[in-house]
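In what follows, residues are counted from 1 in the order of the sequence shown. These numbers come from the heavy atoms of this one structure, side chains and all, not from hydrogens, waters or symmetry mates.
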Amino acid sequence: FVSCKPSNESKKAKTNENKNIVVKELKDEKSFDEQAIKIDSFVLAYGKVASSLDYSKSDGTFIHVDAHLDDKEEFLLVEEEFENPSSQEKGTKKYYFQKNKIFKTDEEFLEKEIFKIRVSYYAPNGVCLKTKEKTAADAFSIENKKFVAVPKFICNFDKALRVLNQEKE
């Protein structure tokens, strides 16, 4: 259904070696954010969406994925909505694409009663360049918080891709 390669195992192993590295400044961070804003605007105007089925389990676990496509039917933005009662997580993940490669992820979620927004930036080869996040006790005050650089975090796209393709879920 959708053509996009899952994460490369060797890249995962290599990036886990550097997972505790904190990058405070990223030279092109503003251009990454501007490209994501352009994609958001295009998606609102163009409106071509492929949606997954809603998957839920008896324990309350839930996942749904929407893929926003360009005129060539390639990913621009993939949005994953999830809930996992065992880890006490609930929220959304956005994967932004350029030339069929993820360049930015934006996660907004509740984790054990703490609201978090986490943003990661990626090189074309899939390496995480920087991660930043902000946390708050409630959803209303998080917007007033400032982002803080944290250890690099790779937001795994494999599960969202499997859900879109109706595989293994």
Side-chain angles (χ1 to χ4, degrees), residues 7 12 15-16 18-47 49-52 54-57 59-69 75-98 101-123 126-164 169:
S7 299
K12 285 182 191 176
T15 54
N16 282 340
N18 298 323
K19 70 179 183 178
N20 292 325
I21 295 175
V22 176
V23 176
K24 295 193 186 247
E25 288 187 39
L26 180 62
K27 180 180 162 188
D28 297 331
E29 185 173 335
K30 187 175 180 180
S31 65
F32 282 83
D33 292 336
E34 288 171 352
Q35 182 63 26
I37 289 168
K38 286 179 186 175
I39 288 171
D40 286 334
S41 296
F42 181 82
V43 163
L44 284 173
Y46 189 62
V49 180
S51 291
S52 75
D54 289 343
Y55 289 94
S56 58
K57 297 180 182 175
D59 67 355
T61 302
F62 171 83
I63 188 168
H64 175 86
V65 179
D66 288 326
H68 301 273
L69 310 170
F75 291 143
L76 288 173
L77 171 64
V78 174
E79 296 179 281
E80 174 184 341
E81 182 183 351
F82 65 93
E83 183 169 355
N84 188 339
S86 63
S87 65
Q88 298 179 348
E89 291 182 332
K90 178 180 182 176
T92 60
K93 297 177 184 178
K94 291 183 176 182
Y95 305 87
Y96 290 92
F97 289 81
Q98 189 166 31
K101 296 183 189 241
I102 296 171
F103 71 89
K104 179 182 177 184
T105 55
D106 190 346
E107 304 169 85
E108 295 185 22
F109 59 100
L110 175 66
E111 180 181 51
K112 298 179 183 174
E113 299 185 25
I114 301 291
F115 287 87
K116 289 187 179 184
I117 296 177
R118 179 171 48 215
V119 180
S120 295
Y121 302 96
Y122 304 88
V127 172
C128 183
L129 302 171
K130 177 185 178 180
T131 300
K132 63 183 182 180
E133 73 178 23
K134 54 184 174 179
T135 60
D138 60 74
F140 301 107
S141 63
I142 200 161
E143 293 303 319
N144 297 325
K145 303 286 183 173
K146 292 190 181 254
F147 279 104
V148 176
V150 296
K152 295 177 183 179
F153 182 84
I154 297 170
C155 192
N156 192 328
F157 181 64
D158 295 349
K159 186 172 188 176
L161 185 60
R162 286 194 315 268
V163 169
L164 277 171
E169 284 302 319

Residue list, salt bridge (Lys or Arg N to Asp or Glu O under 4.0 Å) with Glu81, at least two apart or on another chain: none
Minimal non-hydrogen separation, Tyr96 against Ile39, with atom names: CD2-CG2, 4.0 Å
Geometric class of the Tyr95/Phe157 ring pair [parallel <30°, tilted 30-60°, perpendicular >60°]: perpendicular
His64-Asp66 side chain donor-acceptor pair, cut-off 3.5 Å: yes
Distance (rounded to the nearest 0.5 Å) between Thr92 OG1 and Asp106 CG: 7.5 Å
Residue Lys134 excluded, over 12 heavy atoms near NZ under 6.0 Å: yes
Test item: Tyr122 and Thr105 side chains (from C-beta on) under 4.5 Å apart, heavy atoms: yes
For the student: nearest non-hydrogen atoms of Thr131 and Phe153, plus distance: OG1-N, 2.8 Å
Distance-minimising heavy-atom pair for Ala50 and Leu164: O-CD2, 3.9 Å
Side-chain heavy atoms of Ile117 within contact of Phe147, under 4.5 Å: yes
CD-CG distance between Gln35 and Leu76, expressed to the nearest 0.5 angstrom: 9.0 Å
Test item: Leu161 and Phe75 side chains (from C-beta on) under 4.5 Å apart, heavy atoms: yes
Closest non-hydrogen atom pair, Ile142 against Ala139: CG2-O, 3.3 Å
Sidechain N-carboxylate O distance under 4.0 Å for Lys132, Glu29: yes
Parallel, tilted or perpendicular, as decided by the 30° and 60° cut-offs, for the rings of Phe32 and Tyr121: perpendicular
Ser141 side chain to Ala136 backbone, donor-acceptor under 3.5 Å: no
Contact list for residues 135-148, test salt bridge (Lys or Arg N to Asp or Glu O under 4.0 Å), sequence neighbours left out: none
